[in-house]
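Step one of this worksheet: look at the structure below.
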There are 4 protein chains.
Amino acid sequence: MPPARTAQRTAPRTKPADQRRRDLLEGGLQVFLERGVAATTLEHITKAAGVAKGTFYLYFDSKEQLLVALQREFEARMVQRIEQAVLAAGEDWVARLDAWLDAALADYPSERALHDVLFHHPALASHEADVVDRAGAPDLAGSLTGLIGAGVAAGAFDTLDPELTAMLLCSALHRMFDRIWHRDQEIDPEHLAAATRQLFHRAVAV
Amino acid sequence: MPPARTAQRTAPRTKPADQRRRDLLEGGLQVFLERGVAATTLEHITKAAGVAKGTFYLYFDSKEQLLVALQREFEARMVQRIEQAVLAAGEDWVARLDAWLDAALADYPSERALHDVLFHHPALASHEADVVDRAGAPDLAGSLTGLIGAGVAAGAFDTLDPELTAMLLCSALHRMFDRIWHRDQEIDPEHLAAATRQLFHRAVAV
Amino acid sequence: MPPARTAQRTAPRTKPADQRRRDLLEGGLQVFLERGVAATTLEHITKAAGVAKGTFYLYFDSKEQLLVALQREFEARMVQRIEQAVLAAGEDWVARLDAWLDAALADYPSERALHDVLFHHPALASHEADVVDRAGAPDLAGSLTGLIGAGVAAGAFDTLDPELTAMLLCSALHRMFDRIWHRDQEIDPEHLAAATRQLFHRAVAV
Amino acid sequence: MPPARTAQRTAPRTKPADQRRRDLLEGGLQVFLERGVAATTLEHITKAAGVAKGTFYLYFDSKEQLLVALQREFEARMVQRIEQAVLAAGEDWVARLDAWLDAALADYPSERALHDVLFHHPALASHEADVVDRAGAPDLAGSLTGLIGAGVAAGAFDTLDPELTAMLLCSALHRMFDRIWHRDQEIDPEHLAAATRQLFHRAVAV
DNA sequence: GATGAATGAGGCTTCATTCAT
DNA sequence: CATGAATGAAGCCTCATTCAT
């Protein structure tokens, strides 16, 4: 026999921890996008997540930590998509490189706001923030390093230092989007892709 | 309430406006370097500049404005040094490109803290900050664009789009230093220079 | 923002003290009217008066003093106008009383902003402001007291206490305008005059 | 930074919202009385209320709002006392009017400081403050209007415009106390009551 | 007399974080 | 687990007043 229900019992007060964490992450992202990181308060975040202020601290140590978690997620997701594209590109090394670049180019703009908001905050660069352990998080440069390194090993690419080259190319991409976005320059995507591909090819002497 | 009286009546209180502005700029830079932008307060800045709190607002509208002024100065100075190096490199286009790169590589590390502090603050990227007029300020990418463009025109370089290529290379440099610094990776400067030069050369098909 | 330097020195630097005081008084009044007393700064006042900040203190001890001077002026001018109207009213006591009232009613609205701004500031009522010597300044209540007192002496009016009655009637007038203004009630001036006159007449048993 | 830890862990931090609001209202009143509105800071208010500075903003939007709330309360309480006195006065209209006046006269002085402090602040009269919704708040003039209007309807009083007359009489009372207080005139209360009553009677042609 | 750059005390308000329930 | 009232340090900025020129 079912126990007597009390008249009002709308939502269950406890949710699985994972879900709560998700809510916070997503609520935070949303308000960060809406108002910028600096202008976002804990109040906004928790309200967006549908959670009380104190609850936040059950899942994150500080506002800063939420930001870092978000950044990690963002990059990890992007890496994942790119690597799938590379896998789908077949055996040819140039095709693989092109696939890597195309996927990156396709991804960056689609997450402009995200990228923009997350990576332009002192959290990543402040004096203390380096303390945050980022080790092991999948990153773009690592992904490209793997690809170029393998290509070099296979004799398809040539470069003095695969890792450095990968880092340089990744950096170029990253900052380039920053500049394009922040200057509101209209650049034809096709053209941009062509010029970028040229640089990538030349960088590994294809 | 009137300021406390001191026995002495000597020191002139007013300085030329230019000097006061300088003081503030330098005081601000110093404390930004010491404690990071976010942790710096008006109090710190004015104390470092040897000036009363209210005086700050006679010269800048806000903390943010001081930062922007500093950023402009920093980039302008760097561009100036680099262009002088290029001028001194003679007629050869490759030598000029190398001079440009060497000067940049030489400059970046020497001003690491500066670069670091100034360019990693929302001021440059925040939702509202784009409002700030940066037009006309000399910038690195512009400088490289000029060089590559001229080289292409002279038939010495080849690239689909000089401007985009310049931007990509500048971005690569800029971010690369970020990453190196923030990861505390020890990279042999010689090696780094060689790898970077290779990328630059290849980018313009030298 | 650095102060603008002007090379030129057009106007003569010294004016007669009386004129300077006038300038300040009028400049002050103007900005008080424009932005309200609380929102007005010394900066505004001196700028409106076309005078340097320091100069202000050559003529007034403080912002407060300027306000008091303005209040005195305002009331004095009003009293003067009213007494002229009474004088012009002839020998009849009721006609005189009516003249007094009509003049007051005519004057109040025309200086609404003035009255409003000047008399609604703590200066008049603050804990310290009573220190200000207002003795001897011509005032409305005094003027009415004189009229009623004389009328009583002449056997034309009757009231227990001319002074108190005058004060009550003046107060009624003063506050009434406040209320009307601040509630934006539209009251027919004719009607208002009639009702007020009835009160005045009855107050002195006419 | 976290608040300093104290050894004790006893006192409950939260009170019913009503009580907190009360505390703030009373603390505010107390310091307003002690030092005047203009000289009172949030610091003083919250200290007097035994509350942290931030807590204030949980209950009021600004210092100004606290003042307005206090003013409303003061007038409402006074009206209430007066109306009770009128009720107790019986059926006779003149007795009722006298009761109204006597209660008002009895009340004003007893709350001199309160009245003084609360009603002499720009809040009530400033350019923006009219925005504050005062609609529906019981007020003195409204109370007197009711009484006179009813008396007129009953044929006991006569006046051109009950509302205007009530407003004039209230204003007279209000300002008269101001003037008496601020000039430190010693007026015999009996005498004052007699003179005032005469005005009231005559105003309604009793 | 006149100037206006400089002063600096202090106000208001925000907001990350805590903790008693 | 969850809550949200309470905290209070700290920041930015204003502005009446001074004083060296």
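Throughout, protein chains are lettered first and strands after them, A, B, ... in sequence-line order, and every chain is numbered starting at 1.
- A distance of 6.5 Å separates CD in B:E73 from CG in B:L70, rounded to the nearest 0.5 Å.
- Shortest non-hydrogen contact noted between D:L24 and D:V51 is CD1-CG1, 4.4 Å.
- Between B:R20 and B:T14, every side-chain heavy-atom pair lies at or beyond the 4.5 Å cut-off.
- Within the 4.0 angstrom heavy-atom criterion, no nucleotide atom of any strand lies near D:F56.
- For the pair A:L58 CG and E:dT18 C1', the computed distance is 12 Å after rounding to whole Å.
- F:dA5 atom C1' lies 19 Å from atom CZ of D:R22, rounded to whole Å.
- With sequence neighbours excluded, the residues satisfying side-chain contact (heavy atoms from CB on, under 4.5 Å) with B:K53 are B:E43, B:T46.
- Residue-to-nucleotide proximity on DNA chain F shows that, of C:Y57 and D:P16, the 5′-proximal contact is made by D:P16.
- Taking atom CD of D:Q65 as the reference point, atom C1' of E:dC12 lies 15 Å away to the nearest angstrom.
- With the nearest nucleotide of DNA chain F identified for both B:G54 and D:G54, D:G54 has the one nearer the 5' end.
- The interatomic distance linking A:K47 (NZ) with F:dT3 (P) rounds to 14 Å, in whole Å.
- OP1 or OP2 of F:dA6 sits under 4.0 Å from a side-chain N or O of D:R20.
- Remark on DNA chain E: of its neighbouring residues D:T40 and B:G50, the 5'-side contact belongs to B:G50, judged by nearest-heavy-atom nucleotide.
- Contact annotation for C:T46: no contact, since no heavy-atom pair falls under 4.0 Å across all strands.
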| field | Structure string for DNA chain E in dot-bracket form, Watson-Crick and G-U at under 3.5 Å, | interchain | value | .||||||||||||||||||||
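- The side chain of B:V51 has E:dT7 as its nearest neighbour among E:dA6, E:dT7, E:dG4.
- Counting any heavy atom pair closer than 4.0 Å across all strands shown, D:T55 reaches a base atom.
- Residue C:T41 has its side chain nearest to F:dA16 when only F:dC13, F:dA16, F:dA6 are considered.
- A donor-acceptor contact under 3.5 Å links the side chain of B:K53 to the base of E:dG10.
- Within 4.0 Å (heavy atoms only), A:A17 reaches sugar-phosphate atoms of the nucleic acid but no base atom.
- Summarising the geometry, the separation between NZ on B:K63 and C1' on F:dA10 is reported as 11 Å, rounded to the nearest angstrom.
- Here B:S62 pairs with nothing under the side-chain hydrogen bond (donor to acceptor under 3.5 Å, both in side chains) rule; sequence neighbours left out.
- When distances run from any side-chain atom of B:L42 to the nucleotides F:dC12, E:dG8, F:dG4, the shortest one goes to F:dC12.
- Of the listed nucleotides (E:dA2, F:dA2, E:dA6), E:dA2 has the atom at the smallest distance from the side chain of C:Y59.
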| request: Check step by step if side chain to side chain contact (heavy atoms under 4.5 Å, CB included) holds for D:L66 and D:F32. | output: CA-CA 11 Å; D:L66 176 66; D:F32 280 154; 4.3 Å; yes
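- Residue-to-nucleotide proximity on DNA chain E shows that, of B:A52 and C:A52, the 5′-proximal contact is made by C:A52.
- Distance from the side chain of D:T14 is smallest to F:dA6 among F:dC1, F:dA6, E:dA6.
- Each ring-ring contact (aromatic ring centres under 6.0 Å, His included) pair with one or both residues in residues 47-68 of chain C, not counting sequence neighbours, appears once here: C:F56-C:F60.
- When rounded to the nearest whole Å, the span between CZ of D:F60 and P of F:dA5 equals 15 Å.
- The interatomic distance linking C:E64 (CD) with F:dC15 (P) rounds to 16 Å, in whole Å.
- Rounded to whole Å, the distance from CD on A:E43 to P on F:dG4 is 11 Å.
- In this structure C:E26 satisfies the side-chain contact (heavy atoms from CB on, under 4.5 Å) test together with C:R22, sequence neighbours excluded.
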